[in-house]
Q: 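The structure under discussion is supplied below as structure tokens; questions concerning it will follow.
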Amino acid sequence: MSGEVVQIDQRKANLEAITRLGFAAYPNKFDTTHSVSQLVDGHSAKSKEDLEATRIDTVTAGRIVSVRSFGKASFLVLSDGRSRLQVYVRQDALSERDYQLSKLLDIGDQIGVTGHLFRTKTNELSIWASSLQFLAKCFLPLPEKWHGLQDVEIRYRQRYLDLIVNPDVRRVFEIRTGTVSAIREFLTSHGFLEVETPMMQKIAGGALARPFVTHHNALDMQLYLRIAPELYLKRLTVGGVERVFEINRNFRNEGISTQHNPEFTMLEFYWAYVDYQRLMSFTEELLSKVATQVIGTTSFPFGEHTIDMSAPFKRVSLRHAAAEEASKRLGVPVSVDELRSLDSAKALAGKLGVEIPKGAGPGKIASAIFESLWEEHLIQPTFVYDFPTEVSPLSKQRPDDPDTVERFELYIGGFEVANAFSELNDPVEQRRRFEEQLSQFAAGDQEAHAMDEDYVRALEYGMPPAGGEGIGIDRLVMLLSNSLSIRDVILFPLMRPRADEA
RNA sequence: GGGCGGGUAGCUCAGUGGUAGAGCAGGAGCCUUUUAAGCUUCUGGCCGUGGGUUCGAUCCCCACCCCGCUCACCA
């Protein structure tokens, strides 16, 4: 028999013995006066004398995460998932039945404890237990107390174990929740209305990406999981919702990496009557406020870097930055105009060794060159602005330059965190852009945008000029929590099934 | 999808072409203020899966599965 099976049998036998003492195997409830965290937060500053002068009685509950036993006395460490508190159990302080129970407890069991707070000889805040309640059995042995759970595969597949034994994991997900709350508060306080738009869409629009396909049986209809909420949120601006946002999941049927998960959370907001310039300053304000609120500072470590998220952020124009860096690499002057014609842009990409997708026009080549030369070096928050129209089918052109749209992407930590633009609200131009996308699709670009007739019709009713922005929540949380993989900020990242699960 | 690395006890990790190792966890014993408690002792393994080479494979070779990193793609 394997060691694990032996332990399971022993723990089952312990549970039987516990029920023979008269405890329910799975009691339905246990009334507490405090959580472990409340006790730790509220009393960890109190001295031994404080606790002796004013006795604090408590009833609490949690999971036993370690045991140090001395025969007729033992120390249990109780965790409520966030904090840990020691419980001192001694025979002469308990009823015989509760003392017998204490001998049958295993690491991982859930228990309730009644007692009062004190400090031990080594000054550790503890509960002096006067009675115990059995709450649930842990049959499987927990990972090791000292090294915790290291195997990332098990950490992701069995996140509950990760949360039990690796306390820092809880912190990351508290940062995640705090970030979402802070953003919500910020936008709401600026008059934005939070909404929910369809996740199942007849046309997967609003971004350039390959969608997941699904099917509705009763309607016998093919549907896509959304790749972005964009077109629905803009329909709402047509409907008069001048400030609107949504924080929700998007789904993209593409590769997985440390920065990409097939489902990811995005904030999108739309703001009538402003342009992308206003969005830049708004983004600076939003991010520095969120960082301060969630982690208490705008300056924080990320991998080997220290990121400074205080305003203002750096700003670089895409074509200018690409030309400048290309010139540096090649040792010859490179003009912005070379990025505007197909032949010269192609030649430049060739000289730089930048691969370009087939059928790409000068705009796509210019942005490919930019990403290849710059992306990983953009560690400090940087707005990259003024994108080629060709790669931005939903953005509004600059009045002085139809080849360029009023769009920016925000890079932090070497990856894209936000994407924003002055929204295209001219239905004729929008239809032309969709048709251009259709021809790119025909040329083999599977990520080209589909035609959305209803969206064009909505624009025909008149959409106010507006700025719109998407912020990748997972990536923002990676930065704030110093997590180098997106899977570390997603509770249950997508994993291939294992053979023994199939 | 390509390249590199990994998969050995419940967990963290060593290791070898010839009976499989440690620490933690677990069992038994001692122990009523410990802090990775301690001491004695014991248990626990399809060495990822399937082929091959070999007298003999956990180790060498091939294929496959899963994970990580990276490149490609994307946000």
Side-chain angles (χ1 to χ4, degrees), chain A residues 1-11 13-14 48 65-77 84 86-94 99 106-108 118-124 126 128 138-158 161 164-166 206-210 227-228 250-268 355 357 368 371-372 375-376 409-411 415-419 445-447 470-476 478 484-487 493 495-502:
Chain A
M1 258 200 309
S2 75
E4 189 177 26
V5 172
V6 170
Q7 288 199 41
I8 292 169
D9 287 348
Q10 284 161 354
R11 285 163 181 246
N14 285 344
K48 190 182 189 83
V65 291
S66 83
V67 176
R68 291 178 291 276
S69 171
F70 293 80
K72 296 185 179 64
S74 53
F75 297 92
L76 314 177
V77 178
R84 295 179 170 198
Q86 178 169 273
V87 176
Y88 182 47
V89 171
R90 44 186 288 162
Q91 184 174 26
D92 56 17
L94 293 174
Y99 177 67
D106 291 293
I107 290 176
F118 76 110
R119 283 192 183 274
T120 62
K121 278 180 186 164
T122 51
N123 209 35
E124 171 110 6
S126 309
W128 185 289
C138 175
F139 292 117
L140 299 166
L142 290 182
E144 204 210 334
K145 61 183 173 186
W146 185 242
H147 297 93
L149 184 61
Q150 300 295 325
D151 184 325
V152 290
E153 183 171 356
I154 302 177
R155 289 186 45 224
Y156 297 154
R157 286 187 197 276
Q158 295 176 268
L161 281 182
I164 291 169
V165 300
N166 296 334
L208 307 178
R210 296 171 67 180
I227 56 174
N250 290 340
F251 307 86
R252 299 190 184 173
N253 205 340
E254 289 166 348
I256 295 176
S257 78
T258 48
Q259 278 136 50
H260 301 83
N261 195 64
E263 53 179 304
F264 63 102
T265 300
M266 183 118 126
L267 157 70
E268 281 201 15
E355 271 188 60
E371 280 172 24
S372 142
E375 184 161 0
E376 60 185 305
E409 288 183 347
L410 172 62
Y411 284 84
F415 50 77
E416 184 188 335
V417 172
N419 179 19
D445 183 353
Q446 289 184 284
E447 284 159 11
I471 295 180
I473 300 298
D474 313 84
R475 289 182 176 181
L476 180 57
M478 284 170 67
L484 299 182
S485 169
I486 198 168
R487 291 182 203 93
M495 304 284 275
R496 272 204 172 84
R498 290 163 63 124
D500 55 14
E501 290 171 355

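As the structure is a prediction and not an experimental result, all values here were calculated from the model.
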Q: How would you label the contact of A:L140 with the nucleic acid (heavy atoms, under 4.0 Å): base, sugar-phosphate, or nothing?
A: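 Answer is nothing: A:L140 stays at 4.0 Å or more from every strand.
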
Q: What nucleotide among B:rC11, B:rG26, B:rU34 has an atom nearest to a side-chain atom of A:E144?
A: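 Nucleotide nearest to A:E144's side chain: B:rC11.
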
Q: Using a 4.0 Å heavy-atom cut-off across all strands, classify A:S485 as base, sugar-phosphate, or nothing.
A: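 Sugar-phosphate only.
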
Q: Measure from the side chain of A:F264, starting at C-beta and using heavy atoms only, and say which of B:rU12, B:rA75, B:rU32 lies closest.
A: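 Nearest to the side chain of A:F264 among the choices is B:rA75.
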
Q: Look at the side chain of A:T258 and decide which nucleotide, out of B:rG27, B:rA75, B:rU70, has an atom nearest to it.
A: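 Closest nucleotide among those given: B:rU70.
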
Q: Scan A:R475 against the nucleic acid and name what it touches under 4.0 Å (heavy atoms): base, sugar-phosphate only, or nothing.
A: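 Counting heavy atoms under 4.0 Å across all strands, the contact made by A:R475 includes a base.
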
Q: Over all strands shown, is A:D151 touching base, sugar-phosphate only, or nothing at heavy-atom distances under 4.0 angstrom?
A: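 Result for A:D151 = sugar-phosphate.
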
Q: What orientation do A:Y88 and A:F118 show, parallel under 30°, tilted 30 to 60°, or perpendicular over 60°?
A: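 Judged by the thresholds at 30° and 60°, the geometry between A:Y88 and A:F118 is tilted.
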
Q: Hey, is A:F415 stacking on B:rA75? Ring centres under 5.5 Å, planes under 30°.
A: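 Not stacked by the 5.5 Å and 30° rule.
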
Q: Just checking A:L208: base, sugar-phosphate only, or nothing, at a heavy-atom cut-off of under 4.0 Å?
A: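 Sugar-phosphate contact only.
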
Q: Using nucleotides 37-41 of chain B, report all nitrogen or oxygen pairs with the protein that are shorter than 3.5 Å.
A:
from	atom 1	to	atom 2	distance (Å)
B:rA37	OP1	A:K145	NZ	2.4
B:rA37	OP2	A:R68	NH1	2.8
B:rA37	N6	A:S69	O	3.3

Q: Base, sugar-phosphate alone, or nothing: which one does A:Q10 contact when heavy atoms must sit under 4.0 Å apart?
A: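 Since only primed, P, OP1 and OP2 atoms lie under 4.0 Å of A:Q10, the category is sugar-phosphate.
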
Q: Taking a pair as Watson-Crick (N1 to N3 plus N6-O4 or O6-N4) or G-U wobble (N1-O2 and O6-N3), both under 3.5 Å, which stems of 3 or more consecutive pairs involve RNA chain B?
A: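 The stems that RNA chain B takes part in, listed by first number, are B:1-7 with B:65-71, B:10-13 with B:21-24, B:26-30 with B:38-42, B:48-52 with B:60-64.
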
Q: Any side-chain heavy atom of A:E144 sitting closer than 4.5 Å to one from A:V165?
A: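 When only atoms from C-beta onward are counted, A:V165 and A:E144 do not touch, as no gap falls below 4.5 Å.
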
Q: Would you call A:M495 and A:E153 a side-chain contact if the rule is heavy atoms closer than 4.5 Å?
A: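 Yes; the side chains approach each other to less than 4.5 Å.
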
Q: Counting side-chain heavy atoms from CB outward, which of B:rU34, B:rA75, B:rC69 is closest to A:E416?
A: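 Shortest atom-to-atom distance from the side chain points to B:rA75.
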
Q: From CZ of A:F75 over to P of B:rC31, roughly how many Å is that when rounded to an integer?
A: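 From A:F75 CZ to B:rC31 P: 16 Å.
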
Q: Using a heavy-atom cut-off of 4.0 Å across all strands, would you classify A:M495 as base, sugar-phosphate, or nothing?
A: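 Answer is sugar-phosphate: A:M495 comes under 4.0 Å of backbone atoms only.
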
Q: A:P141 or A:N261: which one's nearest nucleotide on RNA chain B is closer to the 5' end?
A: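 So the residue in question is A:P141.
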
Q: So among A:L142, A:I164, A:I154, which one has a side chain to side chain contact (heavy atoms under 4.5 Å, CB included) with A:L149?
A: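 Among A:L142, A:I164, A:I154, the one meeting side chain to side chain contact (heavy atoms under 4.5 Å, CB included) with A:L149 is A:I154.
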
Q: Quick check against the 3.5 Å criterion: does A:Q259 have a side-chain atom that pairs as donor or acceptor with the backbone of A:R475?
A: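 Not at all, since once roles are kept as given, no pair shorter than 3.5 Å links the two residues.
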
Q: Look at the side-chain N and O atoms of A:R487 and state whether any lies under 4.0 Å from the OP1 or OP2 oxygen of B:rG68.
A: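 Looking at the OP1 and OP2 atoms of B:rG68, one of them is under 4.0 Å from a side-chain N or O of A:R487.
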
Q: Under 3.5 Å, is there any donor-acceptor pair linking the side chain of A:E4 to the base of B:rG26?
A: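 Between B:rG26 and A:E4, which were checked side chain against base, a qualifying N/O pair under 3.5 Å is absent.
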
Q: Base, sugar-phosphate, or nothing: which does A:R84 touch, judged by heavy atoms less than 4.0 Å apart?
A: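 The answer is nothing, as A:R84 stays clear of every strand by at least 4.0 Å.
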
Q: Ignoring the backbone of A:L149, work out which of B:rU32, B:rC11, B:rC66 is nearest its side chain.
A: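 From the listed options, B:rC11 comes nearest.
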
Q: Any side-chain donor-acceptor pair under 3.5 Å between A:N261 and A:D474?
A: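 The criterion, which ignores hydrogens and geometry beyond distance, is not satisfied for A:D474 and A:N261.
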
Q: Applying a 4.0 Å non-hydrogen cut-off, can you work out what A:I107 is touching in the nucleic acid: base, sugar-phosphate, or nothing?
A: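 The answer is sugar-phosphate, as A:I107 gets under 4.0 Å only of primed atoms, P, OP1 or OP2.
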
Q: Is A:Q259 touching bases, backbone alone, or none of the nucleic acid, heavy atoms closer than 4.0 Å?
A: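 Base: the residue A:Q259, judged by heavy atoms under 4.0 Å, touches a nucleobase.
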
Q: For A:S485 and A:M478, work out which heavy atoms get closest and say how close.
A: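 That would be C-CE, 4.0 Å.
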
Q: With sugar-phosphate meaning primed atoms plus P, OP1 and OP2, does A:Y411 contact a base, only sugar-phosphate, or nothing at under 4.0 Å between heavy atoms?
A: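 If one applies the 4.0 Å heavy-atom cut-off, A:Y411 turns out to touch nothing in the nucleic acid.
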
Q: Ignoring the backbone of A:Q7, work out which of B:rC24, B:rG26, B:rU34 is nearest its side chain.
A: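 My answer, after comparing the listed nucleotides, is B:rG26.
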
Q: Which part of the nucleic acid, if any, lies within reach of A:N253 when heavy atoms closer than 4.0 Å are counted: base, sugar-phosphate only, or nothing?
A: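 Counting heavy atoms under 4.0 Å across all strands, no contact is made by A:N253.
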
Q: B:rG44 and B:rA20: how far apart are their P atoms, nearest whole angstrom?
A: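 That atom pair is separated by 13 Å.
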
Q: Within the structure shown, what part of the strands sits under 4.0 Å from A:G148 by heavy-atom distance: base, sugar-phosphate, or nothing?
A: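 Contact class for A:G148: sugar-phosphate only.
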
Q: State which of B:rA75, B:rC11, B:rU34 makes the closest approach to the side chain of A:K121.
A: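 The nucleotide sitting nearest to the side chain is B:rU34.
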
Q: Is there a side-chain polar atom (N or O) of A:R496 under 4.0 Å from OP1 or OP2 of B:rC67?
A: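 Yes, such a contact exists.
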
Q: Would you say the base of B:rU34 and the side-chain of A:Q86 have a donor-acceptor pair closer than 3.5 Å?
A: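 Looking at the base of B:rU34, it does pair with a donor or acceptor on the side chain of A:Q86 (distance under 3.5 Å).
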
